[in-house]
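Below is one structure, written out as structure tokens; the observations come after it.
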Amino acid sequence: MENIIRNLIIEHSNELFGSQIEAKQVQFQLTRKEFEGDLTLVVFPFVKLLKTSPDLAATKIGTFLQEHLSEIKSFLVVQGFLNISLTENYWFSELKKIAKSENFGYQKANSKGTIMVEYASPNTNKPLHLGHLRNVFLGYSVAEIQKANGYKVVKTQIINDRGIHICKSMLAWERFSPLNEKGERETPENTGLKGDKLVGKYYVIFDKEYNAEAKLIIESWENGNFDGFSEQVKAEFLKFEEAKIGKTENAIIDLSAKIKELAKNQTTLMRDANEMLMKWEARDPQIYLLWTTMNSWVYKGFDVTYKTMGVDFDKIYYESETYLIGKEVIEEGLAKNVFFKKDDGSVWIDLTSDGLDEKLLLRSNGTAVYMTQDVGTAIDRFKDYPDLEGVTYTVGNEQDYHFKVLFLILKKMGYSWAESCYHLSYGMVELRNDQGEIGKMKSREGTVVDADDLMDEVVSSAKKMTQERGHLEGMTEIEKENLYRQIGMGGLKYYLLKVDPRKSMAFNPEESIELNGNTGPFIQYTYARIQSLLGKANKIEAISEVSINADEKELIKLMVLFPSILQESGKENSPALLINYTYDLVKSFNQFYHNVPVNAEENAALRNLRLILCDNVAKIVKNAMKLIGIEVPNRM
RNA sequence: GGCCCCGUAGCUCAGCUGGAUAGAGCAACUGCCUUCUAAGCAGUAGGUCACACGUUCGAAUCGUGUCGGGGUCACCA
């Protein structure tokens with residue numbers, strides 16, 4: 001409707017204003033609830049052209065529009081705002097359009113090009129935690145939203161399965177795992193532990209053991225004992241110690257950290273881990289077998305978690321397979337002089353002319369760094385999917401700089417598709433402690449919220465609360481368990497996705513399981529109420545003309561907005577827009593539900609219209625929540 | 001320190017391509033279940049939109065500066 005009016009005004013702008021106007025000068029907003037009207041035209045931009053008062057200008061435009069458009073019932077001018085009321089026929093025709101389409105607001109599937117959405121991409125040494133939940137739910141939802149907007153979407157993740165950190169857990173497992181009575185080391189099978197948890201456990205053990213070893217080394221250095229260490233190490237240590245003299249407390253802490261770093265690199269554990277990495281790169285069969293085995297444990301564990309999360313992937317990339325591509329490309333770039341080599345053999349790119357720094361691409365020993373593999377992975381992806389129109393990387397905002405550099409490198413390498421790469425940069429999840437203070441999650445301080453544990457908790461909390469107040473008569477145990485899961489997971493997803501993804505957010509455990517107010521269960525509850533209502537109703541007939549009240553019109557108005565909200569949330573990569581919209585719709589529905597009878601309405605035509613409203617609100621709620629990854633139950 | 005992001009009610013967040021009296025939820029207080037699920041609805045109270053200046057008919061929204069918070073500046077990933 002806005003467009004029809006806008007075009008009409010532009011078409012007749014000479015006649016109305018005596019000059020040609022642009023589309024953006026014609027601004028609309030929904031009429032605020034306290035005024036009568038449906039649509040509001042802001043007339044201030046035209047006041048100057050007409051050289052008259054805002055009210056007179058508005059009246060002139062209003063009169064003109066009413067003469068030309070039959071959909072306009074009336075208009076009112078308030079303080080320079082032209083409030084337009086549309087006819088009931090117009091609203092009925094809109095409702096009919098909504099009712100006709102099963103997936104109202106969705107674009108035709110695969111009508112647009114292919115895009116790739118990367119999310120999750122965990123480190124194989126650490127079980128998934130709260131931060132991953134935001135990442136995974138966000139990435140999944142964005143992928144689903146893009147699908148609904150007509151794109152063909154490839155959901156992907158890159159698995160960080162290579163490098164020194166992997167060797168750390170492998171080494172710790174070989175060295176520190178106790179043997180059982182059969183002489184076997186710990187496995188997921190003989191311990192019952194989830195594979196990712198078991199491997200994560202050994203990563204922590206490595207960290208502990210090698211910190212302990214480093215501490216002993218520092219002690220012996222401090223006592224002047226450098227037996228077994230090179231002159232170079234000794235010199236470095238003494239240099240740091242000397243630098244401490246007369247420095248501020250902070251500088252001393254800094255220097256101590258450097259000493260610790262030096263000592264860590266001298267530990268036998270670190271040396272052995274490095275040796276293992278070399279063997280891995282040389283495809284040593286024994287190491288490779290161990291690597292494959294332990295990785296398979298991790299993947300099995302992650303799969304369980306992803307299943308609980310309700311997410312999936314179409315294609316998985318492994319750094320162990322793409323880092324070599326990256327290395328080749330770096331060589332290529334070196335030949336093309338995009339990169340340069342320093343005396344020690346390390347390869348860099350100079351981005352100072354772009355306002356950035358120099359960035360390392362290959363270590364002096366020729367091994368790949370993070371950036372190397374990301375370059376390789378990107379290229380691999382566009383090779384696998386030649387018609388790819390874009391890649392969205394769902395990665396936390398602490399890596400903003402990394403992606404800026406990555407895309408710039410790809411561009412400088414001459415890949416035209418570099419422009420279509422997009423970093424969906426989301427904010428941190430901060431944790432609330434008992435005092436209400438906000439803190440960061442740190443694995444070393446034990447403040448990490450494990451993803452599996454958290455999901456278990458929200459589901460069991462949903463179970464408890466649903467048993468207290470739910471309507472569960474006649475449901476089987478399986479149905480009940482499924483309901484608890486839907487409510488618990490729905491609440492968690494809603495809680496993590498309702499805020500703008502770009503902003504950092506506070507995680508409050510109590511709020512995340514809340515059932516009242518702006519929560520997932522509130523949406524689900526409303527949906528269940530509608531289903532209950534529809535279940536008791538007669539068959540729905542075609543719409544016949546009746547007079548509608550403000551509550552009913554409000555619902556149609558909100559439903560009409562859904563397609564543009566869906567597009568916007570796709571454009572912005574923001575599930576939050578969809579959630580906030582659904583909340584508004586549901587809130588309005590509950591007012592409607594409270595204010596007017598549906599099945600008890602005696603006028604058959606009106607009852608039928610209200611049923612149509614209920615049915616379509618439910619349809620939109622269900623379709624919107626599906627894109628968030630939230631299921632809506634028929635009963636709760 | 002350089003660069004990036006953020007600052008709206010006690011708390012968590014909407015609103016930001018400039019538009020009417022800045023909105024929700026939670027927490028507090030009040031009402032409403034002999035009509036369709038009270039996980040609901042209605043109401044009271046709560047604001048110098050961090051601060052200052054500027055642009056404009058009009059600024060929470062745009063610009064500049066200040067203050068406060070976070071991130072990042074690794075031969076880690």
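These numbers come from the heavy atoms of this one structure, side chains and all, not from hydrogens, waters or symmetry mates. We name chains A, B, ... by the order of the sequence lines, and we start the count at 1 in each one.
Of the candidates B:rC73, B:rG40, B:rG15, the closest approach to any side-chain atom of A:Asn516 belongs to B:rG40. Side-chain atoms of A:Tyr525 lie closest to B:rU37 of the nucleotides B:rU37, B:rA14, B:rC13. Here the nucleotide nearest the side chain of A:Tyr593, chosen from B:rC13, B:rA77, B:rA38, is B:rA38. Closest to the A:Gln27 side chain, of the nucleotides B:rA77, B:rG19, B:rU37, is B:rG19. In the set B:rG19, B:rC36, B:rC13, B:rC36 carries the atom at the smallest distance from any side-chain atom of A:Leu533.
Remark: the separation of the C1' atoms in B:rC5 and B:rG43 is 39 Å, to the nearest Å. Between B:rU17 and B:rC62, the two C1' atoms lie 11 Å apart (nearest whole Å).
Aromatic rings from A:Phe206 and A:Tyr203 are positioned such that their centres are separated by 6.0 Å or more.
In this structure, A:Arg32 reaches the B:rG23 phosphate: one of its side-chain N or O atoms is under 4.0 Å from OP1 or OP2.
Among the heavy atoms of the strands lying under 4.0 Å from A:Asn634 is at least one base atom, whether or not backbone atoms are also near. Using a 4.0 Å heavy-atom cutoff across all strands shown, A:Lys498 reaches no nucleic acid atom at all.
With hydrogens and angles ignored, the 3.5 Å screen pairs a side-chain donor or acceptor of A:Tyr495 with a backbone N or O of A:Asn508.
Base pairing of B:rA38 is not made with any nucleotide, judged by Watson-Crick or G-U wobble geometry with both donor-acceptor distances under 3.5 Å.
Stacking between A:Phe44 and the base of B:rG58 is absent under the criterion of ring centres within 5.5 Å and planes under 30 degrees. You can call A:Phe81 stacked on the base of B:rA20; the centres are under 5.5 Å apart and the planes sit within 30°.
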